[in-house]
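Since the structure comes first, as structure tokens, the remarks are kept for the end.
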Amino acid sequence: MPHDNPDPIARVAPTAAQRIGETLSVNLGPQHPSMHGTLRLKVEVDGEVLVKVEPEIGFLHTGFEKLAEYRNYNQFVVISDRANYFSPLNNNIGFAVACEELFGLQVPPRGQYVRVIMAELSRIADHIISVGLQGLDLGAFSVMLWTFIEREKLYDIFEAVTGARLTTSWTRVGGIFRDVPPDFPEMVRAFLAKLPAALDEIEEMLNRNRIFMDRCIGIGTLTRQEAISYGVTGPMLRACGVPYDIRRARPYLCYSGLDFEIPTRAEGDVYARYLVRMAEMRQAIRIIVQALEKLPGGGENKDKLPVSVLDHKVMLPPKDMVYNDMESLIHHFKITMPGHGLMPPKGEVYSCTEAPNGELGFYIVSDGTGLPYRVRIRPPSFYNYATFPKQATGRLISDAVSAMASINVIAGELDR
Amino acid sequence: MAVDLPSLMTSLKARFGDDVLGHAVFREQYVVRIRRGANLPLLRFLRDDAGFDMLTDVTCVDSLSLPQDMQADYPERFAVVYQLYSVPHNERLRVKAYVPEEPCEIDSVTPLWEAANWGEREVYDMYGVVFKGHPDLKRILMPDGYEGHPLRKDYPLKGRGERDRFQKYTEIPPR
């Protein structure tokens, strides 16, 4: 029986009695409380049954890919924040990993571990908010407030490390713009110590909640084949029973040395996605605890282990060196002047990382100059959201709201 | 069981002959360069016989302002790029099909993957490449009445004055 539910309510497709026989065109969004961001749905309803669903996207199109062709590689990090405003750090790291693959750079171990810790913290921030908003859409308002409390604590950590809560712009090609503060491990440990209790509380509130279960189980079901054909990735794909996680399939940074599981569910419905997200947060805790233990140099970093590549032709030299050392001054100028800075080899790479929503890919074509010739962002939300008509057609409007919440569409990366 | 990419390259060449223009390897990533006419049969072969069951992305590159030495890789102006992934074999492959400026069209791969639906719509929107056989080819990110294709290299960054040409309402339009 799906979801080991002792008292399952069979959610069947709407019956003929719920239809009235004539259709009405309705717009849901772009300004609608159930639409996450500026999304618009053109729907045709027959009674309360959705006969036709057509998502209209592009309201937040800002031309990131065009802008990228006029910015150098480090300047694009700032734009990558704005693509996914739920987890900007994952976007920063994804772009940096792609650039390092293109440039052929190897980040020192300390930098890799710090990045992994921040990526997983950001994954928790994304998943917990997405679960909270899912609760909000289905009537569990307090869950949303609880999750925002946890994210607020995470934002405090992000602010201490990156200097910003949301627009982090933290990575650079070849590393990080500065080392983490000395009390970083204590901050993270203090947060992690209280997180499992908060997750338990959410699960207690939702897992066996009759209303939540009724509106999630059997809704928005995708089969394994459908999910693969649609290019669905991330928790949505793993909820369909495909254990595809880029951290395992194509390990980047230091993920290959860390022990974690890939939670999957077989059902492929909204409830399964919620369970996968909750399980992934617990795995993220496990990853962070291991990474903190193995973090070279610890928090204090007494040996001054580098977090970035030491080549000052790649990373800006520290300010005191710029002021007191002629070569560093030259490096500083060379990196910041157009036409003199970082020059990748000619070629093209497609590099992907596991963002909270799925495969975040960057396809970069380089013509050997300091500006990328073409940057394609492969947004997970774009392909995940394309399945929405499939999930909602033939169901009730309330089911569409539930399915929409579980996809966790981020309009910023959807429209770029 | 893994896909042996080098031998896959030779078997593709043997099977599709001149339609396969060659392949390239950069940073251990394989790219197959093909003529546009072969995209549907070649991708069907890759999906059904080589195990590349997921189309992760469809995008395009405009070679208009590439430097001379890189132009040789682009026999035509546009390259439609398919990023393939094989879930069972955990392998990646990139296929580039070249599309000329006139007629700027290529067969749609929507019969093979549902993912191609939105991906090809975006390429059409941004580059003006027409996908023959696409069930619903229309703009996806830009508004319906938009002229031009913004990611083409001859399209200026600042636009062509679209911001100044918005229809201005001086009174509420009659219903």
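Here the structure is a predicted model, which means the values were calculated and not measured.
Atom-to-atom distance recorded for Tyr155(B):OH and Lys66(A):NZ is 8.0 Å, nearest 0.5 angstrom. Separating the CD1 atom in Ile228(A) from the OG atom in Ser86(B) is a distance of 9.5 Å, to the nearest 0.5 Å. Atoms OG and OH, from Ser63(B) and Tyr373(A) in turn, are 5.5 Å apart once rounded to the nearest 0.5 Å.
Heavy-atom pairs under 4.5 Å with chain A were tallied for Met126(B), Arg47(B), Glu122(B); the largest tally goes to Glu122(B). Among the candidates Asn117(B), Ile140(B), Asp69(B), Thr56(B), the residue making the largest number of heavy-atom pairs closer than 4.5 Å to chain A is Thr56(B).
Here the closest heavy-atom approach between residue Ala115(B) and residue Gly231(A) is recorded as CB-N, 3.9 Å. The two atoms that bring Ile57(A) and Trp118(B) nearest to each other are CD1-CZ3, 3.9 Å, heavy atoms only. Arg376(A) and Val58(B) get closest at one heavy-atom pair: NH2-O, 4.0 Å. For Val61(B) against Tyr363(A), the heavy-atom pair with the smallest separation is CG2-CE2, 3.9 Å.
Because its NZ or CZ atom is not both nearer than 6.0 Å to the ring centre of Phe26(B) and within 45° of the ring axis, Lys346(A) does not count as a cation-pi partner of that residue.
Residues Ser229(A) and Met54(B) have side chains not in contact (no heavy-atom distance under 4.5 Å, counting atoms from C-beta outward). Proximity of Glu114(B) to Glu226(A): side-chain heavy atoms (C-beta onward) are nowhere separated by under 4.5 Å. Between Tyr350(A) and Val81(B) the shortest side-chain heavy-atom distance does not fall below 4.5 Å. With a 4.5 Å cut-off on side-chain heavy atoms, Arg374(A) and Asp62(B) do not count as touching. Trp113(B) is not listed as a side-chain neighbour of Tyr230(A), based on a closest heavy-atom distance of 4.5 Å or more.
Side chain of Arg27(B) to backbone of Glu101(A): a donor-acceptor contact under 3.5 angstrom is found. Side chain of Arg250(A) to backbone of Asn90(B): no donor-acceptor contact under 3.5 angstrom is found.
The part of Val365(A) that comes within reach of chain B is its side chain, from C-beta onward, which places non-hydrogen atoms under 4.5 angstrom from that chain. Proximity to chain B (any heavy atom under 4.5 Å) is shown, for Glu65(A), by both the backbone and the side chain. Heavy atoms closer than 4.5 Å to chain A are found nowhere in Arg121(B), neither backbone nor side chain.
Under the 4.0 Å criterion applied to side-chain N and carboxylate O atoms, Lys153(B) and Glu69(A) are assigned as salt-bridge partners. The pair Glu348(A)-Arg94(B) meets the salt-bridge criterion, with a side-chain N (NZ, NE, NH1 or NH2) lying under 4.0 Å from an Asp/Glu carboxylate O.
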Residues Tyr383(A), Asp57(B); criterion side-chain hydrogen bond (donor to acceptor under 3.5 Å, both in side chains); working and verdict | CA-CA 9 Å; Tyr383(A) 289 97; Asp57(B) 197 18; 2.7 Å; yes
